[in-house]
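Working notes, beginning with the structure itself.
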Amino acid sequence: MSGEQELGITESKEHATGEWYAELVQKAKLADYAPMGGFIVTRPRGYAIWERLQNHLDGWFKETGVQNAYFPMFIPESYLEKEKDIVEGFDPEVAWVTKGGYDELEEQLAVRPTSESIITPFLAQWTRSHRDLPIRVNQWCSVVRWEATETKPFFRTKEFLWQEGHTAHHDAEDAWAEMATRLDQYERLYEDVLAMPVLSGRKPEHDKFPGAHTTMSVEALMPDGKSVQGGTSHYLGTSFAEAYDVTYIDEDEEERTAHTTSWGLSWRALGALFMTHSDDQGLVLPPALADPQVAIVPIWDDESKDDVLEYAEDVAEDLEDAGVRVELDDREHRNPGFKYNEWELYGVPLRIEIGSYEVEDDEVTLVHRPDGKEVTEERDGVIETVEEHLDTVFAKLYASAEETLEGEIREAESREEILGTIGQHGGYVKCGWCGDEDCEEPIKDAIAAEIVMVPKDRDEEPIHDECAICGDDAEETAYFAKTY
RNA sequence: GGGACCGUGGGGUAGCUUGGUAUCCUUGCGGCCUUGGGUGCCGUUGACCUCGGUUCAAAUCCGAGCGGUCCCA
């Protein structure tokens with residue numbers, strides 16, 4: 001209603017997080033809702049962010065022995081059924097193709113909910129000797145999980161984009177190390193690229209990937225106190241290798257079963273990113289993912305127009321030559337204020353204002369997106385200056401995300417205390433836990449919080465001697481949190 | 001899994017109680033104007049979620065469906 005506000009975000013992140021997020025996604029042109037429930041259309045502005053995230057992760061994968069490949073999106077039912085845990089785990093949410101044209105298919109095809117069951121048989125085929133191992137393939141693709149939940153772009157959609165890596169190794173030790181490597185890379189992605197601190201840990205037995213020996217994850221805390229599972233890495237033991245016959249002849253001419261892993265990171269990372277840094281002005285992006293990284297807004301009047309534009313073009317060219325993604329916003333009919341607001345809505349980390357003042361003094365005025373801080377700097381050395389300021393913006397983002405996590409890991413020693421602490425503050429609550437899923441139930445039922453992780457090291461002593469729920473001896477430390 | 005609210009041009013809305021010509025703002029497009037935080041003026045395109053029912057007549061009433069948001073589990 002109130003005319004001028006409608007171009008930007010009208011909901012409050014703090015007071016109406018759900019609506020705010022939905023509005024952010026649409027107004028910043030990241031995604032639209034598709035005509036079928038549960039699906040979204042990722043718009044160029046959103047997809048470009050995904051592509052840049054991909055580039056980082058994909059580069060690291062390739063540096064560490066992973067090759068990309070592509071497997072069919074359809075999986076024959078008989079393949080899916082070979083590993084019984086995975087059937088049970090995914091059965092309720094598999095989409096099936098039963099017809100080709102007008103003809104009923106002889107064997108129905110699953111739309112992949114994940115690809116272990118189509119990839120592992122090929123790892124088996126490609127693995128004869130110990131010399132073939134380790135083998136590592138990754139694919140960037142989409143998967144479909146037909147859950148009947150509400151759509152939240154990038155957080156919950158029936159189809160989502162991700163990468164899934166699948167590897168086979170000689171023994172448990174190698175496979176275990178692989179799982180750790182990928183988890184570290186996910187952690188690095190969050191911390192160094194997305195400017196988000198994360199926790200990493202192991203999933204409790206009852207929440208492991210179906211068929212896995214061990215599942216590890218990185219968890220990020222959102223400003224509303226809920227945790228997001230940001231990436232998972234599984235050590236699958238030999239269960240998949242046995243089901244799909246991944247064996248090799250070792251040096252001693254004995255046949256052995258390989259140990260496999262799989263690991264995935266989805267565009268939920270984008271959801272977490274948007275949710276974490278963005279504000280009531282719109283999107284906020286870390287420099288590594290933003291395009292443009294710098295928006296130059298020229299400010300002219302009749303007399304200064306030519307000089308200002310020339311000066312601004314020159315600055316833009318310098319930056320562009322140096323590899324900075326820069327956009328000179330020389331649109332007519334739009335005043336500077338409009339442009340400021342628009343680039344803020346789109347999450348551009350750094351704005352350069354160039355008007356007659358700057359031209360006269362050989363300067364540029366820089367404004368940081370996260371906090372609106374304005375600094376005037378020399379025109380000379382503008383490339384280094386911009387790079388420094390982009391680094392500063394990254395540091396600001398990281399620092400504020402760190403503040404969100406800071407102090408949000410609390411302890412509790414009873415059921416009531418867990419409920420009270422999460423109810424009041426959100427965040428993580430750690431407590432002693434006997435290891436029994438039944439002890440998670442009362443917490444889940446009462447406030448929909450669950451055990452998001454336990455320490456990676458199985459031998460680590462629990463923080464308390466007794467399970468906070470049942471009072472039996474504690475086996476490990478559980479981290480409870482509400483989740484997305 | 002349960003409950004609540006909602007669905008009108010690209011976005012935001014009025015109208016719905018009491019059925020009859022669909023309101024205003026904004027965006028888009030064309031033109032004029034021209035810039036230090038969402039300029040102003042003129043012109044113009046564009047909408048009642050779907051299906052069914054009631055009725056002479058449905059955006060409005062009824063039913064179902066689809067979709068969205070929130071809360072609880």
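All values below come from the heavy atoms of this structure, side chains included, with hydrogens, waters and symmetry mates left out. To find a chain, count down the sequence lines: A is the first, B the second, and so on, and within it residues start at 1.
A 3.5 Å limit on both hydrogen-bonding distances identifies B:U69 as the Watson-Crick or G-U partner of B:A4.
Distance A:Leu24 CG to B:G68 P: 18 Å, rounded to the nearest Å. What separates NZ of A:Lys158 from C1' of B:G68 is a distance of 13 Å, to the nearest Å. In this structure, A:Glu353 atom CD and B:G38 atom P are separated by 12 Å, rounded to whole Å. The nearest whole Å value for the distance from the CD1 atom in A:Ile9 to the P atom in B:G11 is 15 Å. Between the OH atom of A:Tyr484 and the P atom of B:C71 there is a distance of 9 Å, given to the nearest Å. The separation between A:Asp224 atom CG and B:C70 atom P is 11 Å, rounded to whole Å. Note: CD1 (A:Ile352) to P (B:G37) measures 18 Å, nearest angstrom. The NZ-P distance, from A:Lys444 to B:A73, rounds to 13 Å in whole Å.
Remark: A:Arg45 is positioned above the aromatic ring of A:Tyr346, its terminal NZ or CZ atom under 6.0 angstrom from the ring centre and at most 45 degrees off the axis.
Applying the 4.0 Å criterion to OP1 and OP2 of B:C70, one finds that A:Lys152 has a side-chain N or O inside that range. Between A:Tyr33 and the phosphate of B:U69, there is a side-chain N or O to OP1/OP2 separation shorter than 4.0 Å. Dashed line: the shortest gap from a side-chain N or O of A:Thr151 to OP1 or OP2 of B:G68 is under 4.0 Å.
In the set B:G11, B:G36, B:U69, the nucleotide with an atom closest to the side chain of A:Ile299 is B:G36. Minimum atom distance to the side chain of A:Glu342 is reached by B:G38, of the listed B:G38, B:G28, B:G37. Here B:U69 is the nucleotide among B:G28, B:G36, B:U69 with the atom lying nearest to any side-chain atom of A:Ala22. Set against B:A73, B:G36, B:U27, the side chain of A:Thr365 has B:G36 as its closest nucleotide. Checking B:G37, B:A73, B:G68 against the side-chain heavy atoms of A:Gln281 singles out B:G37 as nearest. Side chain of A:Glu358, nearest nucleotide from B:G68, B:G36, B:G28: B:G36. Ranking B:G36, B:G11, B:U39 by closeness to the A:Phe338 side chain, first place goes to B:U39. Proximity note for A:Arg334 (side chain, C-beta onward) versus B:G68, B:G11, B:G28: the nearest is B:G28.
Between B:G63 and B:U17, the distance separating the two P atoms is 15 Å to the nearest Å. The C1' atoms of B:U23 and B:C48 are separated by 13 Å, rounded to the nearest whole Å. Taking atom P in both B:U8 and B:A47, one finds a spacing of 14 Å when rounded to whole Å. Atom C1' of B:G20 sits at a distance of 13 Å from the matching atom of B:G15, rounded to the whole Å. The same atom, P, is picked in B:C51 and in B:A58; the two are 14 Å apart, to the nearest Å. Distance check on atom P: B:G10 versus B:G19 gives 29 Å, rounded to whole Å. Comparing the C1' positions of B:C32 and B:G68 gives an interatomic distance of 42 Å, to the nearest angstrom. Comparing the P positions of B:C6 and B:C16 gives an interatomic distance of 15 Å, to the nearest angstrom.
Place A:Leu345 and A:Ala448 on RNA chain B by their nearest nucleotides, and A:Leu345 ends up nearer the 5' end. With RNA chain B read from its 5' end, the first of the two nearest nucleotides for A:Gly37 and A:Glu332 is the one closest to A:Glu332.
Among the protein residues, A:Ala446 comes within range of the sugar-phosphate backbone only, with heavy atoms under 4.0 Å from sugar or phosphate atoms but none that close to a base. Residue-level contact check: A:Asn341 touches the bases, meaning some heavy atom is under 4.0 Å from a base atom. A:Gly372 comes within 4.0 angstrom of nothing in the nucleic acid, heavy atoms only. Within 4.0 Å (heavy atoms only), A:Gly355 reaches at least one base atom of the nucleic acid. Base contact: A:Glu344 has a heavy atom under 4.0 Å from a base atom. Among the atoms of the strands shown, only primed sugar atoms or phosphate atoms (P, OP1, OP2) are found under 4.0 Å from some heavy atom of A:Glu19. Residue A:Gln26 is classed as having no contact, given no heavy-atom separation below 4.0 Å to the nucleic acid. Residue A:Tyr357 is classed as a base contact, given a heavy-atom separation below 4.0 Å to a base.
Nearest heavy atoms, A:Leu328 versus A:Glu313: CD2-CG, 3.5 Å.
In this structure, A:Phe209 and A:Phe240 have parallel ring planes: the angle between them is below the 30° cut-off, well short of the 60° mark.
Between the side chains of A:Thr114 and A:Glu116, at least one donor-acceptor pair of N or O atoms lies under 3.5 Å.
For the pairing with A:Trp146, the ring pair (Phe, Tyr, Trp, His ring centres under 6.0 Å) check across A:Phe39, A:Phe160, A:Trp96 returns one residue only, A:Phe39.
Between the A:Arg52 side chain and the A:Leu289 main chain, a donor and an acceptor come within less than 3.5 Å of each other.
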